[in-house]
Amino acid sequence: MIKIVTKPILRKLRLVPLVLPVIFAGVIVSCVQDEGGEIPLFLDVLAETNTISFDSSIIREEHMESYQVAVSQLTSNLQVTLEDEAGVFQISTSSTSGFGNSLDIAAAGITDDRVTIFIKFFTETAAESYTATITHTTEGLVNDAVVQIDGLGILDPEKTPNVATDVPVIAFDPTVIGATQVISYELTASKLQGEVDLELSDATAPFGLSKEMTGPFTSTLNYAVDEFSPGPVTIYVQFAPVAEGQFNADVELTTVDLPIVPKVALSGQGTLDPPKLLFSEDFVYTESILPHTDRVPTNSGDDNAMVEGWIAVRSGRTPFQLTNGLSFPGYTGIGLGQGVLVEFDASAGPANRQLFAHNIAEQQDATFTGEYFMSYLLEMNAIPARGQFNRPVFFVDWAATGVTDFSVGAVIKNTAAAGDPADNVVFSLRDNNTEQISSIQVQTGQAYLVVLKLTVTDDDQSNNNNEAELFIFDAAAPASEPVTADITMTGIIDSRLFRAVAILKDNSGAASYVVDGIKVANTWEDLFK
């Protein structure tokens, strides 16, 4: 309730034109004394507060506030005007009728020198703020009296819907023109106030939506409220490119009163020829631990080079846990599954040391010359101890005993020493025991795209003239191979062939990483098709 006070002041004034300042409640006003003797001097309308707030008003419900204006000795009607661009407020002298944007209150009809003004607030829109102004004027009033109004529409917390998707991104593998891929996701909903509509943000993109795996696929879907009972619905998304190129669209969702609108980002690439990947792993598993087989101790390196799937080279040790996966702009075919949690814990001792290896197709042999490329996503969540380094992913060869021979890989190293003012965690490149350190800082919580290139110069296994290059990206996947690598190392050991990908954790400090989206190919283009 707000009270606006207007007081007339009568004074004997000389019959000469004079501008008189009058001070009331700290407000200076004035009126002109004209010939004619004694007249009322009207002060500004003064308010105990000049703002009326409708805080947290539930939408589609009427909300009422009121205030009083004190008047006396009016010589003409009191005009009350509402300025409201949004059209969500109305005023009246009655709480039940007569609401509009202006009032003309007859002076003769005002009793007890009081007028009550009722304000009604009604909006269809949630979580939006509104403002308006009420102006009071009458003849002889030097300055108009103004009251500010503000209102905030909110959803009814007892009726607010909740809608969520189980994935934020769907990235299709590169698809040959004329072929199709279908990937599904789940949509859950509760407290719905109306049907749910799904629509592709770009109806011309080669994506389609369906309630069934076999289609038909269209650019829109509609779900009635009862379709979400008792559980989630499955939405099937098809990618069917008819031209080369990268395609993107969002599955947009609308329903009544939804405060947070989920969407699923779609990406896919149409190609004339599919990428030739020697290995691709996005960790699409239902288990919480990375599926694997233990290395058979009696197996030779050649035996293990034929084994399918992940091999726990250090059998009987703590396995790798799976966690939420990573995504990276422009890195196609990624973001569908989970990621591998690689935690280095010195306190756990040897039991925490673990190495998983996975063979690649077309393993390097003694006659191979050319290039191997390996790409993957990496996120660091805890840094290595000072002076320590980690290499979660790298190339390996199989040793004659059936274990692995380490080759080249990207390294995360804390170059700070005890007593240094701060840690310094950077990327480096390591070949067995040879290392080249960069100045590229590694930040916690940041997803990086790491690309490792190994060039086999010739088929001589004794001259150690192979070359390794490391590329680090922190914003988006490149359109083409950069001319210059972030790190280049020559003199790589020739005798250790590239036959498998390894994921490693050991007891070199309490660092923690997530690894996802590993790909291996013989060309850069195949990694990013």
Side-chain angles (χ1 to χ4, degrees), residues 281 326-331 334 339-344 355 371-396 406-417 420-455 466-478 480-493 498 501-506 508-521 524 527-528:
E281 174 64 278
L326 304 176
S327 60
F328 197 84
Y331 193 35
I334 297 302
V340 175
L341 182 62
V342 185
E343 293 185 302
F344 295 77
L355 186 149
E371 299 168 338
Y372 282 102
F373 293 84
M374 178 168 62
S375 58
Y376 59 93
L377 300 182
L378 178 73
E379 179 180 277
M380 179 180 70
N381 294 310
I383 68 174
R386 294 189 173 190
Q388 297 283 353
F389 70 89
N390 307 132
R391 44 179 167 179
V393 184
F394 54 97
F395 292 154
V396 295
F406 293 7
S407 182
V408 65
V411 171
I412 300 89
K413 184 169 186 175
N414 190 342
T415 64
D420 286 350
D423 292 297
N424 184 48
V425 184
V426 296
F427 281 104
S428 67
L429 187 60
R430 190 178 186 92
D431 170 36
N432 194 23
N433 293 318
T434 303
E435 185 178 17
Q436 187 164 327
I437 300 173
S438 79
S439 60
I440 303 173
Q441 299 285 329
V442 189
Q443 305 295 330
T444 56
Q446 165 74 50
Y448 294 91
L449 172 61
V450 179
V451 182
L452 181 62
K453 177 181 179 181
L454 176 64
T455 302
N466 288 348
E467 181 179 88
E469 296 172 90
L470 186 65
F471 305 82
I472 305 296
F473 305 95
D474 61 3
S480 58
E481 180 178 353
V483 175
T484 304
D486 292 305
I487 308 176
T488 299
M489 179 183 289
T490 57
I492 303 299
I493 298 174
F498 174 32
V501 173
I503 301 178
L504 171 73
K505 64 175 179 176
D506 57 24
S508 56
S512 178
Y513 306 87
V514 176
V515 173
D516 196 6
I518 305 175
K519 297 182 183 180
V520 177
W524 183 283
L527 291 180
F528 297 100

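Nothing here was measured: the structure is a model prediction, and the numbers come from that model. Keep in mind that the numbers below use all heavy atoms, side chains included, and drop hydrogens, waters and symmetry copies.
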> Which residues pass the side-chain hydrogen bond (donor to acceptor under 3.5 Å, both in side chains) test with Y513, sequence neighbours left out?
Replying inline: N390
>> Using every non-hydrogen atom in the two residues, find where V396 and A502 come nearest and quote the distance to one decimal.
In response: CG1-CB, 3.5 Å
> Could you give all pairs that pass the ring pair (Phe, Tyr, Trp, His ring centres under 6.0 Å) test and reach residues 425-453, with sequence neighbours left out?
Replying inline: F427-Y448
> By side-chain hydrogen bond (donor to acceptor under 3.5 Å, both in side chains), which residues pair with S375, not counting sequence neighbours?
Replying inline: Y331
> Say you draw a straight line from CG of L429 to CD1 of I487; how long is it, rounded to the nearest 0.5 Å?
Replying inline: 5.5 Å
>> Once salt bridge (charged side-chain N to carboxylate O under 4.0 Å, His left out) is applied, what residue pairs with a partner in residues 373-384 remain, sequence neighbours excluded?
In response: none
>> By the definition side chain to side chain contact (heavy atoms under 4.5 Å, CB included), identify the one residue from V442, I440, T444 that meets it with V425.
In response: V442
> Mind checking what makes salt bridge (Lys or Arg N to Asp or Glu O under 4.0 Å) contact with E481, not counting sequence neighbours?
Replying inline: K453
>> Using the side chain to side chain contact (heavy atoms under 4.5 Å, CB included) criterion, which residues pair with T415? Sequence neighbours excluded.
In response: K413, N424, V426, I437
> Heavy atoms, side chains only, cut-off 4.5 Å: are I493 and N432 in contact?
Replying inline: yes
> Does any non-hydrogen side-chain atom of S438 lie less than 4.5 Å from one of L470?
Replying inline: no
> About how many Å separate CD1 of I492 and OG1 of T434, when rounded to the nearest 0.5 Å?
Replying inline: 7.5 Å
> Considering only heavy atoms from C-beta outward, does the side chain of M374 approach that of V451 to under 4.5 Å?
Replying inline: no
> Is there a side-chain contact between F406 and L355 (heavy atoms, below 4.5 Å)?
Replying inline: yes
> Does R430 make a cation-pi contact with F394 (under 6.0 Å, within 45 degrees of the axis)?
Replying inline: no
> Quick one: are S512 and F344 in side-chain contact, heavy atoms under 4.5 Å?
Replying inline: no
> Does some side-chain heavy atom of V393 sit less than 4.5 Å from a side-chain heavy atom of V450?
Replying inline: no
> How far apart are the closest heavy atoms of I412 and P384, and which atoms are they?
Replying inline: O-CG, 4.0 Å
> With side chains defined as the heavy atoms from C-beta onward, is the minimum distance between P392 and L378 less than 4.5 Å?
Replying inline: yes
> Quick one: side chain to side chain contact (heavy atoms under 4.5 Å, CB included) partners of A476, sequence neighbours excluded?
Replying inline: P329
> For Y376, which residues count as a ring-ring contact (aromatic ring centres under 6.0 Å, His included) partner, sequence neighbours excluded?
Replying inline: none
> With sequence neighbours excluded, what pairs up with F473 under the ring-ring contact (aromatic ring centres under 6.0 Å, His included) test?
Replying inline: none
>> To the nearest 0.5 Å, what is the distance between CG on L504 and CZ on R391?
In response: 7.0 Å
> From T490 OG1 over to E467 CD, what is the distance, rounded to the nearest 0.5 angstrom?
Replying inline: 6.5 Å
> Between CH2 of W524 and CZ of F373, what distance do you get to the nearest 0.5 Å?
Replying inline: 7.0 Å
> Passes side-chain contact (heavy atoms from CB on, under 4.5 Å), E371 versus L454? Steps please.
Replying inline: CA-CA 6 Å; E371 299 168 338; L454 176 64; over 6 Å; no
>> According to side-chain hydrogen bond (donor to acceptor under 3.5 Å, both in side chains), who are the partners of D423, at least two apart in sequence or on a separate chain?
In response: R386, N414
> Do any N or O atoms from the side chain of E281 and from the backbone of K519 form a donor-acceptor pair under 3.5 angstrom?
Replying inline: no
>> Within the structure provided, determine whether T455 and N466 are in side-chain contact (heavy-atom separation under 4.5 Å).
In response: no
> What's the spacing between L326 CG and D516 CG if we round to 0.5 Å?
Replying inline: 5.0 Å
> Which atoms form the tightest heavy-atom contact between M380 and A382, and what is the distance?
Replying inline: CG-O, 3.5 Å
>> Please enumerate all residues that pass side-chain hydrogen bond (donor to acceptor under 3.5 Å, both in side chains) together with S428, with sequence neighbours excluded.
In response: E435
